[in-house]
Amino acid sequence: MNFDSLLDKLLGQRELIHEVECAVCGGFEAYYRDPFTKENLGRACEFCGELQAFD
């Protein structure tokens with residue numbers, strides 16, 4: 001399963017809020033929100049695979 005498919009499955013429809021330096025690998029960690037409700041959904045780093053869905 002590729003990274004985008006994993007994000008689709010865990011976070012659903014999303015839009016990018018911003019990117020910061022990943023604390024794990026130094027890559028770019030992206031924060032996502034729902035495009036309609038504007039609720040924060042989670043964060044993910046494609047470089048190291050770190051992914052966190054917010055409740």
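Starting from 1, each residue takes its place in the sequence as its number.
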S.K.: Hey, could you give me the CD/CD distance between Glu19 and Glu21, rounded to the nearest 0.5 Å?
M.R.: 12.0 Å
S.K.: Starting from the C-alpha separation in whole Å, work towards a yes-or-no answer on side chain to side chain contact (heavy atoms under 4.5 Å, CB included) for Ile17 and Tyr32.
M.R.: CA-CA 5 Å; Ile17 301 171; Tyr32 298 99; 5.7 Å; no
S.K.: Determine whether Leu16 and Leu6 fall in the same hydrophobic cluster, where Ile, Leu, Val, Met, Phe, Trp and Tyr are linked whenever their side-chain heavy atoms lie under 4.5 Å apart.
M.R.: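 Yes, one cluster joins them.
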S.K.: Would you say Phe3 and Phe47 are hydrophobically clustered, going by side-chain heavy atoms of ILVMFWY under 4.5 Å?
M.R.: no
S.K.: How close do Ala44 and Leu7 get, counting heavy atoms only, and between which atoms?
M.R.: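 Shortest heavy-atom contact: CB-CD2, 3.7 Å.
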S.K.: Do His18 and Val20 have side-chain heavy atoms sitting under 4.5 Å apart?
M.R.: yes
S.K.: Tell me which pairs pass salt bridge (charged side-chain N to carboxylate O under 4.0 Å, His left out) where either residue lies in residues 40-50, with sequence neighbours left out.
M.R.: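 Qualifying pairs, neighbours excluded: Glu29-Arg43.
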S.K.: Would you mind reporting whether Leu10 and Leu41 have side-chain heavy atoms less than 4.5 Å apart?
M.R.: no
S.K.: Thinking salt bridges, do Glu39 and Arg33 make one under a 4.0 Å N-O criterion?
M.R.: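 Here Glu39 does not pair with Arg33 in a salt bridge, since their nearest N and O are not under 4.0 Å apart.
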S.K.: Kindly determine whether Asn2 and Ser5 satisfy side-chain hydrogen bond (donor to acceptor under 3.5 Å, both in side chains), including the steps that lead there.
M.R.: CA-CA 5 Å; Asn2 69 30; Ser5 296; 2.9 Å; yes
S.K.: Any chance you could measure Arg14, atom CZ, to Asp34, atom CG, to the nearest 0.5 Å?
M.R.: 11.0 Å
S.K.: So with a 6.0 Å cut-off around NZ of Lys38, is the heavy-atom count from everything else above 12?
M.R.: yes
